[in-house]
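Remarks on the structure that follows.
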Amino acid sequence: MQNNTFSTLFVGQNLIKLSSVDSTNNYLKNMASNFEPLTEGTVIMADNQFAGRGQQENIWHTEPGKNLTFSIYLCPRFLSPVNQFSLNMIISLAICNALARFLPERPQIKWPNDIYYNRKKLGGILIENSISGNQLKSSIIGIGLNVNQQIFDTQIQSKAISMNQILHHDVNKLEVLAQICRGIEQYYLNLKANKIQVIKEDYIKNLFKYQTEALFKAQGQEFRGTISDVDNNGLLNVSCLNGQIKKFNFKEIEFLD
Ligand code: BTN
């Protein structure tokens with residue numbers, strides 16, 4: 001186990017820094033299968049990730065050395081698979097709280113777990129759970145945050161934002177990582193203590209476009225509606241103009257404005 005200065009009990013106490021790797025999620029997955037038992041809270045961070053993976057089989061591009069790309073190993077055996085969305089909630093909340101300490105305004109969570117600032121994507125989360133029977137055996141929490149990158153590819157420059165672009169100066173990546181690890185540990189312990197209702201209320205309050213009329217697209221149709229809730233299983237509830245409440249799974253709905 002490596003020593004570091006994080007003021008946590010376990011998240012980030014075993015911090016492994018790599019200069020270059022395909023994907024920190026892949027690396028951690030291999031470690032978890034080869035080094036049983038892997039210490040819970042182990043963090044793998046990489047300066048350069050050359051085949052980073054995003055949600056929906058997307059590629060996660062990041063300028064080498066500029067941003068945070070890391071993965072955390074958790075063993076939430078206390079959670080049943082039907083409650084796995086609670087992990088998405090606590091991780092996104094912990095990131096928002098941590099980043100709010102550095103930024104002039106609070107970031108928001110674009111359902112299910114994108115980190116948004118000024119309507120642009122500041123970070124993304126890729127959670128890969130391993131389920132055994134009726135238990136979550138382990139969870140690999142991959143986090144990518146735009147920290148010091150100043151220029152993005154033309155295809156994404158209107159949609160992405162970094163902390164440097166907001167603050168007009170570089171930020172110490174390890175300080176940001178330390179705050180995120182602290183926040184994740186606190187929320188994780190709250191989840192373990194079954195404080196799910198408080199966590200859900202907190203998550204809803206931080207949702208991008210919550211209780212604001214907006215334009216969406218589902219099954220090829222555009223429609224206006226208002227996000228009214230997120231189910232315990234993670235479905236997004238949108239209240240349509242005719243009063244009907246529609247429920248959407250990830251990938252089934254697009255935010256248009
Ligand atoms: C998204 O599509 O929004 C999720 C992006 C997740 C990227 C992070 S970077 C660290 C970890 N390793 C990966 O390959 N992906 C995640």
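As the structure lists them, so they are numbered: ligands from 1, and atoms in each ligand from 1. Any value given below was found using the heavy atoms of this structure, including those in side chains, with hydrogens, waters and symmetry copies removed.
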Next item on the list: Give the residue and atom name of whichever protein heavy atom lies nearest to atom 3 (O) of ligand 1, and the separation in Å to one decimal.
Entry: K121 NZ, 2.6 Å

Side-chain donor/acceptor pairs under 3.5 Å, residues 232-245, sequence neighbours excluded:
{"unit_1": "N237", "atom_1": "ND2", "unit_2": "D231", "atom_2": "OD1", "d": "3.2"}
{"unit_1": "N242", "atom_1": "OD1", "unit_2": "Q244", "atom_2": "N", "d": "2.9"}

Notebook entry, point to check: Taking N or O atoms only and a 3.5 Å limit, does Q55 qualify as a polar contact for ligand 1?
Noted result: yes

Checklist line | For S23, the ligand 1 atoms whose distance to one of its heavy atoms is below 4.0 Å | finding: 12 (N), 13 (C), 14 (O)

Notebook entry, point to check: So, D153 and K159, do they make that salt bridge, N to O below 4.0 Å?
Noted result: no

Next item on the list: Compute both the distance and the angle, then confirm whether K173 meets the cation-pi test with F70: under 6.0 Å from the six-membered ring centre, within 45 degrees of the axis.
Entry: no

Next item on the list: Output every pair passing side-chain hydrogen bond (donor to acceptor under 3.5 Å, both in side chains) with a member in residues 216-226, not counting sequence neighbours, ordered by first then second residue.
Entry: E213-R224

Margin query: I need the atoms of ligand 1 closer than 4.0 Å to a non-hydrogen atom of G54, numbered in the order shown.
Written below: 1 (C), 2 (O), 4 (C), 5 (C)

Item checked: For atom 13 (C) of ligand 1, the option (of M45, E57, H61, Q49) bearing the nearest heavy atom -> Q49

Notebook entry, point to check: Can you tell me how far the CD1 atom of I91 sits from the CD1 atom of I115, to the nearest 0.5 Å?
Noted result: 10.0 Å

Next item on the list: Below 4.0 angstrom from a heavy atom of G52, which ligand 1 atoms are there? Numbered from 1 as shown, please.
Entry: 14 (O)

Notebook entry, point to check: Can you list the atoms of ligand 1 that are under 4.0 Å from a heavy atom of D114?
Noted result: 3 (O)

Next item on the list: Take every heavy atom of N58, measure it against each atom of ligand 1, and state whether any distance is under 4.0 Å.
Entry: no

Next item on the list: On the 0 to 90° scale, with breaks at 30° and 60°, tag the F250-W111 ring pair as parallel, tilted or perpendicular.
Entry: perpendicular

Next item on the list: List the closest protein heavy-atom neighbour of atom 5 (C) of ligand 1: residue, atom name, distance to the nearest 0.1 Å.
Entry: W60 CE3, 3.4 Å

Margin query: Closer than 3.5 angstrom, by distance alone: can the side chain of S71 be matched with the main-chain N or O of N25 as a donor-acceptor pair?
Written below: yes

Check: Which of the atoms in ligand 1, numbered in the order shown and given with their element, are less than 4.0 Å from a heavy-atom of T24?
Finding: 10 (C), 11 (C), 12 (N)

Check: What protein heavy atom is closest to atom 6 (C) of ligand 1, reported as residue, atom name and distance in Å?
Finding: R53 O, 3.6 Å

Check: Is ligand 1 under 4.0 Å from a heavy atom in the side chain of I143, in the backbone, in both, or in neither?
Finding: backbone

Next item on the list: Between N113, I72, I125, T69, flag the one that comes closest to atom 4 (C) of ligand 1 by a heavy atom.
Entry: I125

Next item on the list: Locate the shortest heavy-atom distance separating F10 from E40; write the atom from each residue and the value.
Entry: CD1-O, 3.8 Å

Next item on the list: Could you tell me which non-hydrogen atom of A218 sits nearest to which non-hydrogen atom of E252, and how far apart they are?
Entry: CB-O, 3.5 Å

Check: Given that the side chain starts at C-beta and the backbone is N, CA, C, O, which of these parts of Q56 lies under 4.0 Å from ligand 1, counting heavy atoms, or is it both or neither?
Finding: neither

